[in-house]
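One is the number of the first residue; the rest follow in order along the sequence.
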Amino acid sequence: MNGPARAFWLSSPGLGEIREVSLPDPGEGEVVVRTLYSGVSRGTETLVFRGGVPVSQHAAMRAPFQEGDFPGPVKYGYLNVGVVEEGPEQLLGRTVFCLYPHQSRYVVPASAVTPVPSAVPAERAVLAGTVETAVNALWDAAPLIGDRIAVVGGGMVGCSVAALLARFPGVRVQLVDADPARAGVAEALGVGFALPGDALGGCDLVVHASATEQGLTRALELLSPEGTVVELSWYGDRRVALPLGEAFHSRRLVIRSSQVGTVSPRRAGRTYADRLALALDLLADPALDALITGESLFEELPEVMPRLASGEIPALCHRIRYEGDGRA
């Protein structure tokens, strides 16, 4: 056997713990990865932590290497960066990204890891899964040169979308959020910022990622006639009411969903691996460090997760650091 490792488990909604787990010896075509960092995406992971995944979405919400079932006990997560300790020669010693939960060491197929480019620090590479979501959203949204765009919701996903839109030529991009502290993040990303009441209207495209009824309503208000809202929010078990009886029809507005579980039909020739590799390449931009707003040791995660879920620790991506041999 490959020896013990430690993993973070959600024992029951609102309660997490670190468990010791045994690793199997790697088989043909598998790798052993020692984790350096993992990331907590405050939106999705805190929804899981509080037990808010609807029964109808239990299958759709499964992470690639999840163990257990919702609402718990479950081992959940998908932002993991580590070093390959055993495996094929071309991967040995490489820093890799994997859609794996919070665990000190693990064994996965070699095809499940993606090498991190040399220009991307391991500390920043934990953002790859969220930047991949932003890539897919923009494939769905198909922004054009010169578009007027708002991103409503300055969480991890919304900020990732805004960061990528900042590179588009000739576009007007504004990050819209109720928290004035997000202005500093917007500045670091190179986009404008506004509180919801001050946001610029006449938008050709609005990307909505606030996961609030008020945010989606404001997104519709910001559109020009024939404009589109691309909806990235995941509401879990909450219902949303919208003013579709007002100017929605007369202005011929569109609400379109986008979800990272499927590669955008607009890029049907691309694979999941292509999309993730692109996201990692885009992380060479140091401006994206603004999305990492805190760091804790792995052993602190059972105490940190409730504070992230409650908002006591304000966060975009909260990074988890693993020390020594991975046994924090």
Side-chain angles (χ1 to χ4, degrees), residues 5-19 21 23 30-31 33 35-82 96-114 125-137 155-157 160 209 211 232-237 258-263 271-273 275-277 279-280 298 301-302 304-305 308-309 315-320 322:
R6 303 180 78 200
F8 176 75
W9 277 76
L10 175 64
S11 307
S12 60
L15 182 64
E17 64 178 353
I18 292 176
R19 300 181 180 180
V21 297
L23 295 185
E30 291 187 321
V31 293
V33 179
T35 303
L36 299 173
Y37 301 96
S38 59
V40 179
S41 175
R42 185 169 176 265
T44 303
E45 285 200 60
T46 59
L47 182 74
V48 171
F49 187 76
R50 70 173 179 83
V53 180
V55 174
S56 65
Q57 296 300 302
H58 280 192
M61 279 287 291
R62 287 192 70 86
F65 294 100
Q66 174 179 324
E67 293 183 40
D69 297 298
F70 304 120
V74 63
K75 184 176 76 175
Y76 190 86
Y78 46 83
L79 302 173
N80 190 297
V81 176
V96 295
F97 177 85
C98 185
L99 296 166
Y100 203 87
H102 308 282
Q103 184 166 314
S104 61
R105 296 171 73 240
Y106 54 92
V107 178
V108 292
S111 58
V113 301
T114 302
V126 294
L127 297 169
T130 308
V131 173
E132 182 185 9
T133 300
V135 167
N136 205 62
M156 192 174 169
V157 171
S160 295
L232 287 181
S233 299
W234 171 245
Y235 296 93
D237 53 4
S258 179
Q259 211 280 333
V260 72
T262 302
V263 174
T271 66
Y272 291 101
R275 192 178 64 185
L276 181 55
L280 280 162
F298 172 63
L301 194 49
V304 166
M305 191 67 85
L308 288 169
L316 293 175
C317 177
H318 193 84
R319 187 168 58 208
I320 305 302
Y322 299 68

Novice: Can you see whether Y100 engages S38 through a side-chain donor-acceptor pair at a distance of less than 3.5 angstrom?
Specialist: no
Novice: Do E45 and H318 have a side chain donor and acceptor closer than 3.5 Å?
Specialist: no
Novice: Strictly distance-based, threshold 3.5 Å: is any side-chain N or O of Y76 a donor or acceptor partner for the main-chain N or O of F8?
Specialist: no
Novice: Hey, mind stepping through L127 and C317 against side-chain contact (heavy atoms from CB on, under 4.5 Å) and telling me if it holds?
Specialist: CA-CA 8 Å; L127 297 169; C317 177; 3.8 Å; yes
Novice: Which pair of heavy atoms, one from A63 and one from G77, lies closest together, and at what distance?
Specialist: CB-O, 3.8 Å
Novice: Measuring from atom CZ of R62 to atom CD of Q57, what distance do you get when rounded to the nearest 0.5 angstrom?
Specialist: 14.0 Å
Novice: Where do W234 and P54 come nearest, in terms of heavy atoms and distance?
Specialist: CZ2-CD, 4.1 Å
Novice: Taking the side chain as every heavy atom from C-beta outward, state whether Y78 and S41 have any pair of such atoms under 4.5 Å apart.
Specialist: yes
Novice: Measuring from N80:CG to L99:CG, what's the distance to the nearest 0.5 Å?
Specialist: 9.0 Å
Novice: For residues Y322 and H102, determine if any side-chain heavy atom of one lies less than 4.5 Å from a side-chain heavy atom of the other.
Specialist: yes
Novice: Search all heavy atoms of V131 against all heavy atoms of S160 and return the closest pair with its distance.
Specialist: CG2-OG, 4.2 Å
Novice: Quick one: pull up CZ in R275 and OG1 in T114 and give me the separation to the nearest 0.5 Å.
Specialist: 11.5 Å
Novice: How far apart are the closest heavy atoms of A315 and L308, and which atoms are they?
Specialist: CB-CD2, 3.7 Å
Novice: Of all heavy-atom pairs between A128 and L280, which one has the smallest distance, and what is that distance?
Specialist: CB-CD2, 3.6 Å
Novice: What are the two closest non-hydrogen atoms of Y272 and G261, and how far apart are they?
Specialist: OH-O, 2.7 Å
Novice: Among R19, R6, K75, find the residue that satisfies the side-chain contact (heavy atoms from CB on, under 4.5 Å) test when tested with Q103.
Specialist: K75
Novice: Would you compute the distance between atom CZ of F298 and atom CD1 of I320 and round it to the nearest 0.5 angstrom?
Specialist: 9.0 Å
Novice: Does the pair V55 and F70 meet the rule for a side-chain contact (heavy atoms from CB on, under 4.5 Å), with working shown?
Specialist: CA-CA 8 Å; V55 174; F70 304 120; over 6 Å; no
Novice: Donor-acceptor check, side chain of N136 to backbone of S258, threshold 3.5 angstrom: yes or no?
Specialist: no
Novice: Drop me the distance from L36's CG to S104's OG, to the nearest 0.5 angstrom.
Specialist: 11.5 Å
Novice: Any donor-acceptor pair under 3.5 Å linking the side chain of H58 with the backbone of V53?
Specialist: yes
Novice: Using side-chain heavy atoms (C-beta onward) and a distance below 4.5 Å, is Y235 in contact with L47?
Specialist: no
Novice: What distance do F49 atom CZ and L10 atom CG have between them, rounded to the nearest 0.5 Å?
Specialist: 6.0 Å
Novice: Before you tell me yes or no, could you show the steps for V40 and L301 under side-chain contact (heavy atoms from CB on, under 4.5 Å), namely the whole-Å CA-CA distance, both residues' side-chain angles and the distance that decides it to 0.1 Å?
Specialist: CA-CA 10 Å; V40 179; L301 194 49; 4.2 Å; yes
Novice: Quick one: does M156's side chain get under 4.5 Å of T133's, heavy atoms only?
Specialist: no
